[in-house]
Colleague: 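Before I ask anything, here is the structure I am working with.
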Amino acid sequence: MTDKQRNFIQRIVDEDNLSEKFDKRVHTRFPPEPNGYLHIGHAKAICLNFNIANEFGGQCNLRFDDTNPISEEIEYVNAIQDDVSWLGYSWDDRLCFASDYFEKMHKYANQLIEQGDAYVCDLSSEEIRQSKGSLTKEGKNSPYRERSVEENLKLFSQMTSGAFKDGERILRAKIDMSHPNLNMRDPVMYRIIHANHHRTKDAWCVYPTYDWAHGLEDSIENITHSLCSIEFEDHRPLYDWYLDKLDIYHPQQIEFARLNLDYTVMSKRKLKKLVDDKYVSGWDDPRMPTISGMRRRGYTARAIRDFMNEVGVAKRDNIMELAKLEYHLRQDLNKICERRMAVLNPLKVVITNYPKNSSEMLEAINNPEDSSAGVRDISFSGELYIEQNDFMEDPPKKFFRLAPGREVRLRYAYFITCNEVIKDDKGNPIELHCTYDRKTKGGNAPDGRKVKATLHWVNAQDSINATVNSYDRLFSDPSPDSAKDFLTVMNTNSLEVLSKCMLEKSLSEFGPGETVQFERLGYFCPDLSTSQEKPVFNRTVTLRDSWSKFAKGK
RNA sequence: UGGGGUGUCGUCUAAUGGUAGGACACCAGGUUUUGGUCCUGGCAGUCGGGGUUCGACUCCCUGCGCCCCAGCCA
């Protein structure tokens with residue numbers, strides 16, 4: 001399956017290597033604009049670009065496409081580097097900035113002017129829109145289209161030196177106002193923006209547009225294969241036009257379909273809205289599809305990379321199921337996470353025949369999938385907590401956990417039998433009185449009798465009180481983008497804060513970034529805000545749970 | 001509407017003129033001191049209509065659906 005199933009981009013590179021189109025060189029780049037945090041959609045582009053380079057022994061640059069000072073910030077530049085590194089990729093010394101090429105780009109612009117391929121236009125943005133035509137109507141030539149080279153050179157120089165206000169003039173390529181591809185109707189190359197750039201400060205007041213800048217960036221960096229998302233497909237003729245007119249090194253732009261995930265939004269604009277309007281706690285809120293959010297949630301870089309390897313690369317629109325991402329997450333976590341016991345919604349259990357005021361230590365396996373993780377001791381006594389939903393007074397047929405008169409196993413401990421249910425005024429069980437079978441220590445009965453359930457538990461005497469953030473998807477609609485207003489389909493229960501959780505004592509040794517399995521519940525990791533005094537855990541993902549599926553269905 | 005792109009199981013993705021395969025999801029069973037993991041089996045697809053061919057997801061014609069473009073955003 002892996003050998004033959006090469007995606008269409010790998011095949012193009014194969015062919016280019018065969019024909020020596022780029023002298024068998026492979027050099028890609030990941031070119032984010034620093035105007036927001038990276039999300040899982042970017043991860044696809046990151047993995048694609050770095051993996052292609054690695055596969056062919058080439059290199060991949062990290063390049064900030066910082067051509068618009070208005071929306072870009074240094075905070076984003078730093079966050080993006082953190083995220084790419086965390087994902088496991090290295091750009092070595094190839095940290096690039098489009099802004100480093102402003103001088104060169106400007107010279108190239110002058111060259112186009114001299115060749116008669118660009119001109120300064122005085123039309124306002126509204127007038128340009130008017131004269132651009134429409135999908136079906138041809139555009140009209142600008143009255144400034146036939147200015148002399150000398151005048152264009154002079155005006156462009158004045159634009160650059162700050163003689164004009166924002167929007168007063170632009171530099172346009174002179175192509176064809178009747179072109180069926182709207183991108184070719186004399187597109188804008190430079191606009192005037194009097195704003196402080198996070199790197200070049202006030203050195204410039206003209207900034208290159210994406211179409212003009214991007215091919216130059218690729219060319220300057222000697223990129224071979226310029227991979228971008230599908231909406232740039234009809235920008236490719238323009239990408240090619242600029243490089244051909246300039247007659248400089250010409251990389252190949254190749255477009256692929258971006259990643260979409262169900263139950264989430266992926267546009268930076270929408271994610272920024274969630275952050276700015278406080279629907280979430282920040283770009284790294286564990287419910288966000290951002291790399292930083294997923295990291296905080298307890299995702300591993302490997303899970304994301306594995307997912308990307310399986311997602312495939314093609315050109316058709318797609319919406320991946322969250323379930324597939326979670327499959328790879330669990331797959332990875334299952335192998336590497338240590339197991340601990342924790343009770344989220346405690347129900348007290350008193351072992352009536354356990355010796356008073358005593359306790360003992362029992363041995364528990366840290367990770368059944370990895371014997372090198374070893375074992376640990378856990379304490380047991382006559383007062384314990386189990387999970388509220390592990391007990392039912394009047395259980396349905398297929399419920400085989402604890403119930404009056406029924407015997408179950410406490411993991412790594414003893415068999416216990418429930419004898420009495422203490423209830424509050426409203427009839428809710430608040431305490432169970434059970435007896436234990438001393439001969440079942442460790443969890444096996446010498447007489448060979450079986451129990452149908454094994455419950456997790458903690459010792460009431462030394463367990464730690466903690467808060468657990470239980471996260472669910474941010475949206476209730478599988479396709480929030482198709483709603484008129486994505487904010488109206490938000491899941492109002494995406495965060496449940498459980499503050500009465502009781503954790504096995506050794507859980508105090510875990511810190512942020514260390515995801516652990518709470519047996520029978522799921523994977524959890526300490527939040528950035530955790531402390532010894534007030535431990536806070538995030539639920540990364542639940543375990544697969546065929547019982548809850550059954551319970552819900554009935 | 002002009003241009004560009006794209007239609008294969010529920011969701012992704014292979015097969016490039018020669019048995020429509022894989023993964024996830026779902027269903028059933030086995031193992032199990034996690035109703036987890038693991039193992040086994042099952043369900044399920046070529047957008048429609050013509051044509052070429054011994055043979056079509058693949059080539060041709062035609063129709064239809066979906067996505068992108070009218071920022072001085074990227």
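In what follows, every heavy atom counts, from backbone to side chain, and hydrogens, waters and symmetry copies are set aside. Chain identifiers are assigned alphabetically (A, B, ...) following the order of the sequence lines, protein sequences preceding nucleic acid strands; residue numbering begins at 1 within each chain.
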Colleague: Testing A/N183, A/D211, A/D218 for side-chain hydrogen bond (donor to acceptor under 3.5 Å, both in side chains) with A/Y239, which one passes?
Modeller: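 Going through the options one by one, the only one that passes is A/D218.
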Colleague: Identify each atom pair where a protein N or O and an N or O of nucleotides 4-7 of chain B are less than 3.5 Å apart, giving names and distance.
Modeller:
unit_1	atom_1	unit_2	atom_2	d
B/G7	OP1	A/R316	NE	3.3

Colleague: Using the side-chain heavy atoms of A/T67, tell me which of these nucleotides is nearest: B/A14, B/A74, B/U34.
Modeller: B/A74
Colleague: Taking ring pair (Phe, Tyr, Trp, His ring centres under 6.0 Å) as the definition, give me every residue that meets it alongside A/F64, ordered by chain and number, with sequence neighbours left out.
Modeller: A/F97
Colleague: Fill in the dot-bracket string of RNA chain B, one character per base: . for unpaired, | for a pair to another strand, ( ) or [ ] for pairs within the strand, taking Watson-Crick or G-U pairs under 3.5 Å.
Modeller: .((((((..((((....[..)))).(((((.......)))))....(((((..]....))))))))))).....
Colleague: A/S178 and A/D176: side-chain hydrogen bond (donor to acceptor under 3.5 Å, both in side chains), yes or no, with the steps?
Modeller: CA-CA 5 Å; A/S178 64; A/D176 179 2; 2.8 Å; yes
Colleague: Please produce a list of atom pairs where a protein N or O lies less than 3.5 Å from an N or O of nucleotides 25-30 of chain B.
Modeller:
unit_1	atom_1	unit_2	atom_2	d
B/C26	OP1	A/K549	NZ	2.9

Colleague: With P as the reference atom in both, quote the distance from B/U6 to B/C59 in angstrom, rounded to an integer.
Modeller: 12 Å
Colleague: If you go through the side-chain atoms of A/E126, does one of them form a donor-acceptor pair with the base of B/G71 closer than 3.5 Å?
Modeller: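 Under the 3.5 Å cut-off, the side chain and the base do not form any donor-acceptor pair.
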Colleague: Under 5.5 Å between ring centres and under 30° between planes: does that hold for A/Y210 against the base of B/A74?
Modeller: no
Colleague: Which of residues 256-269 of chain A have a heavy atom under 4.0 Å from RNA chain B?
Modeller: none
Colleague: Return the residues of residues 174-183 of chain A meeting this criterion: a heavy atom under 4.0 Å from some atom of RNA chain B. Order them by number, or give none.
Modeller: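 Contacts with RNA chain B under 4.0 Å: A/P180, A/L182.
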Colleague: To the nearest Å, how far apart are A/E15 CD and B/U16 P?
Modeller: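 Taking CD of A/E15 and P of B/U16, I get 14 Å after rounding.
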Colleague: Pick one for B/G4: is it syn, with its angle within 90° of 0, or anti?
Modeller: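 Anti for B/G4; the angle lies over 90° from 0.
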Colleague: Checking contacts here: which listed nucleotide (B/A14, B/G71, B/G35) is nearest the side-chain heavy atoms of A/N7?
Modeller: B/A14
Colleague: Roughly, in whole Å, what's the span from CZ in A/F232 to P in B/A74?
Modeller: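 That distance rounds to 9 Å.
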